[in-house]
Amino acid sequence: MDYLNSLNSQQYQAVTAGTGQVLVLAGPGSGKTRVLTQRVAYLIDAMGVRPSAILAVTFTNKAAREMEERVNKLLPGRAGGLWLGTFHGVCARILRREAADAGLSRSFVIFDSDDQLAIVKAILRDLGIDKLKDPRLSAYAVHAAISRAKNDLILPEDYPIGLRSRKYDEVYAKVYQRYQAELDRNQAVDFDDLLMRTYLLLSGKPSIREQYARRFEHVLVDEFQDTNRPQYELVRLLSSYHHNLFVVGDEDQSIYRWRGADYHNILRFTKDYPDHQKILLEQNYRSTQTVLDAAMAVIRRNPNRTAKRLFTQLGRGTRLTLYEAEDDRQEAEFVVDTIRETARGKISPGDFAVMYRTNAQSRLLEEAFLSAGMPYRLVGAQRFYGRREVKDLIAYLRLIQNPGDTVSLLRVINTPPRKIGDKTVGMLQFTAADLETSPGEILLSLGRSGPASPHWGRFDSRAATALADFGAQLAAWIDLRDSEAVPALFDRILSDIRYQEFIDDGTDEGEDRWENVQELRRLAYQQEQGTLAGFLEQIALVSDQDTLTESGDAPTLLTLHAAKGLEFPQVIIVGLDEGVLPHIRAIESGDAEEMAEERRLFYVGITRAKERLYLVRADRRGGFRGYEEQIASSFLDDLPEDLVERRGPASSRASSRAYRAYRRDSQWDGGGSNWGRAREPYTVPPPARPAAAQERQFTPGMRVSHASWGEGMVIESRLMDGDEIVDVVFESVGIKRVMASLAKLQKL
DNA sequence: TGGCTCTGTATTTTT
DNA sequence: TACAGAGCCA
């Protein structure tokens with residue numbers, strides 16, 4: 001157990017904690033992963049726990065893999081059989097094993113965001129709602145409402161009508177029901193289903209719950225601040241027999257609120273498990289004190305947090321650089337120049353990470369790198385898996401795995417073109433609906449039996465032949481699926497459909513597309529041992545971080561979200577402008593929690609830096625209609641002057657003056673200023689001053705009473721401008737939004 | 001049926 | 001900008 005010697009006393013305490021519940025509050029860079037890894041090793045090594053009785057849940061597959069490697073290094077050959085993975089991955093595994101009890105086909109597929117959105121779109125079209133052009137009824141918004149419901153563990157038939165708006169809720173409820181029915185018809189689940197269905201399975205079937213709860217003597221959870229309701233409940237259920245629960249988190253790094261994550265789960269944990277041990281990890285082993293001081297100055301402004309003191313023994317280090325460029329092109333050039341000029345000697349290009357708030361910001365950066373002839377690594381799964389050619393091939397694979405997957409079928413039925421047009425497809429769907437089967441089954445019947453198929457007569461002979469040809473192909477692939485490994489199947493599809501001919505038209509773009517196909521093929525070849533189902537699952541659940549490769553000495557480009565859990569010697573954060581970071585949507589929402597999350601995002605970015613941190617902004621940015629003037633991010637205001645060295649053409653000029661004037665104005669006009677040729681004004685709430693910081697007095701579910709409206713229940717509450725805005729459903733008058741200070745609500 | 005052009009609109013973050 | 005979807009024509 002030599003490994004224990006390298007721990008500080010808090011880390012040691014955490015790693016060697018006995019049984020029961022343990023909450024480790026770990027600041028950035030405090031050795032959280034190390035504690036988790038060694039804890040697992042300690043359980044096996046010192047406490048004699050079988051690896052297969054340990055469940056460890058991480059946030060990304062990458063983190064899981066790293067943890068596995070490190071445990072294996074500590075205990076060579078003794079850690080096999082650990083359950084290690086992401087929440088979504090673990091849930092998929094459980095659902096696959098318990099498919100029958102979960103009401104699923106064992107070969108269920110996981111729909112990606114595009115498929116999910118496509119289903120919502122089709123339903124809206126069917127209901128004639130797409131014509132309304134109401135942004136709150138856009139496919140995107142409706143899908144978000146469904147996702148929110150699932151994250152609140154609300155089933156379609158229980159969707160509450162009239163809580164917010166009767167008109168919208170009715171649509172959401174209806175679409176939710178049809179959406180879920182459509183998933184069922186396709187034998188498919190979405191991301192939220194993985195969590196919700198596992199929760200329903202475990203909560204609804206005591207025998208299955210007990211089986212898993214007995215099995216997992218120890219449950220460990222990483223990034224606990226980013227768990228949502230289903231995840232919290234799952235952890236509770238899975239640890240409900242042995243009650244050994246070890247969670248690690250940091251409220252200040254919670255950045256997935258929009259996905260239902262709720263850092264209050266940390267507080268909830270302390271209440272639900274009153275006998276827990278709490279251990280604080282404050283010593284930072286990653287960054288210089290300057291970086292930490294900057295980080296603390298930024299995060300201090302957030303209300304509702306446990307104050308932490310981050311300290312290091314790595315010395316003061318270099319001051320931050322704040323570079324103010326004239327425009328976003330110059331911003332990108334600064335990034336490239338800085339890396340080129342600094343990366344020599346001890347610092348190499350691979351030491352750099354460039355972080356941004358939105359993916360769109362990577363474009364200019366990429367262009368700048370390309371024109372400078374410098375390589376870079378871009379983190380992001382969507383970039384690859386969202387490509388048409390990649391999606392096509394995955395759709396083929398999914399269809400072979402599950403012919404009931406009509407979404408995939410429709411995607412590939414005429415791609416490449418095989419003379420099956422809209423009319424034929426319409427007939428196919430109609431027939432399937434008529435006979436209460438899936439289009440895929442009809443296709444297979446035509447393929448296997450030809451004119452002898454009972455469905456043949458439904459189509460004219462040309463259409464029937466085309467369908468039968470494709471059906472026969474599909475049937476052959478399905479046979480191959482059962483006899484061959486994934487790579488062989490993949491190559492067979494490629495050659496059968498002559499995909500290269502279709503996609504690679506000799507243009508640069510065509511070559512590019514074919515290159516992507518090759519990349520997917522490489523991934524398939526790594527799946528020599530695994531099943532098709534496993535390959536598809538792995539593909540469906542890749543996280544952005546999983547696409548981060550270790551190879552090559554090139555700077556990494558990634559979003560602030562994707563940067564969570566990583567560290568780099570040199571960090572450049574771009575886009576420090578009001579409206580970019582913090583993002584305009586957070587500002588416009590007027591929701592203090594959303595602004596707090598933007599701040600946490602900045603905090604996460606800052607604390608990734610080991611040695612040196614650059615912050616970059618631009619006076620003007622190109623939007624989709626020309627350039628727009630920018631104001632420096634209000635977050636920059638919170639950095640102590642003595643930690644920052646200002647540079648750049650813009651720093652001493654107009655923008656700063658305008659910015660200061662703007663700040664002054666916003667003191668008394670409540671935000672919104674016009675100067676120069678500024679665009680539409682928007683209001684910027686003042687940064688959360690400690691004075692204005694306060695606790696929420698009302699939480700959802702709480703019973704309250706009001707002098708004239710009587711009793712009601714709180715459905716939502718948030719802090720805004722130092723007051724609390726509470727939504728309450730009153731028994732007498734329905735839903736009302738009130739200011740806590742004026743309404744004099746009484747808690748019951 | 002297939003391919004082209006034109007138009008309108010928008011995703012912030014991602015499992 | 002960029003991408004999906006509609007509309008048009010061969």
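Heavy-atom basis, side chains included; hydrogens, waters and symmetry copies ignored. In what follows, every chain begins at residue 1, and chains take the letters A, B, ... in the order their sequences are listed.
Here the side chain of A:Gln361 pairs a donor or acceptor atom with the backbone of A:Thr358 at under 3.5 angstrom. With hydrogens and angles disregarded, no donor-acceptor distance shorter than 3.5 Å links the side chain of A:Asn359 to the backbone of A:Thr559.
Near DNA chain B, meaning a heavy atom under 4.0 Å from it, residues 226-233 of chain A has no residue at all.
Between the OG atom of A:Ser147 and the OH atom of A:Tyr179 there is a distance of 8.0 Å, given to the nearest 0.5 Å. From A:Glu233, atom CD reaches atom CG of A:Asn228 across 10.0 Å, with rounding to the nearest 0.5 Å.
No salt bridge links A:Arg229 with A:Asp152; every basic N to acidic carboxylate O contact stays at or beyond 4.0 Å. Taking 4.0 Å as the cut-off between side-chain N and carboxylate O, A:Asp190 and A:Lys150 count as a salt-bridged pair. The residues A:Arg600 and A:Glu597 are annotated as salt-bridged, a charged nitrogen and a carboxylate oxygen being separated by less than 4.0 angstrom. A:Arg621 has no carboxylate O lying under 4.0 Å from a charged side-chain N of A:Asp619, or vice versa, which leaves the two without a salt bridge.
Paired with A:Arg620 under the rule side-chain contact (heavy atoms from CB on, under 4.5 Å), one option of A:Asp577, A:Asp327, A:Asp328 passes, and it is A:Asp327.
Partners of A:Arg513 according to the salt bridge (charged side-chain N to carboxylate O under 4.0 Å, His left out) rule, which considers only residues two or more places apart in sequence or in another chain, are A:Glu389, A:Glu509.
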(request) Report, as a single string ordered 5' to 3', how protein heavy atoms within less than 4.0 Å touch nucleotides 6-15 of chain B: B base, S sugar-phosphate only, - not at all. (result) ---SBSBBBB
(request) For each nucleotide in nucleotides 2-10 of chain C, reading 5' to 3', give B when a protein heavy atom comes within less than 4.0 Å of its base, S when such contact involves only the sugar-phosphate, and - otherwise. (result) S--S-----
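B:dT13 and C:dA4: their P atoms are spaced 16 Å apart (whole Å).
Between the side chains of A:Glu578 and A:Ser634, a donor-acceptor pair is found at a separation under 3.5 Å.
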Cut-off 3.5 Å, no hydrogens considered: what does the side-chain donor-acceptor table look like for residues 408-416 of chain A, sequence neighbours left out?
| unit_1 | atom_1 | unit_2 | atom_2 | d |
| --- | --- | --- | --- | --- |
| A:Ser408 | OG | A:Arg398 | NE | 3.2 |
| A:Ser408 | OG | A:Arg398 | NH2 | 3.2 |
| A:Ser408 | OG | A:Asp405 | OD1 | 3.4 |
| A:Ser408 | OG | A:Asp405 | OD2 | 2.7 |
| A:Arg411 | NE | A:Asp392 | OD1 | 2.9 |
| A:Arg411 | NH2 | A:Asp392 | OD1 | 3.3 |
| A:Asn414 | OD1 | A:Arg418 | N | 2.6 |
| A:Asn414 | OD1 | A:Lys419 | N | 3.3 |
| A:Asn414 | OD1 | A:Ile420 | N | 3.2 |
| A:Asn414 | ND2 | A:Ile420 | O | 3.0 |
| A:Thr415 | OG1 | A:Arg411 | O | 3.2 |

Using a cut-off of under 3.5 Å, enumerate the N/O to N/O pairs linking the protein to nucleotides 1-4 of chain B.
| unit_1 | atom_1 | unit_2 | atom_2 | d |
| --- | --- | --- | --- | --- |
| B:dT1 | OP1 | A:Gly421 | N | 2.9 |
| B:dT1 | OP1 | A:Thr424 | OG1 | 3.2 |
| B:dG2 | OP1 | A:Lys419 | N | 3.4 |
| B:dG2 | OP2 | A:Asn414 | ND2 | 2.4 |

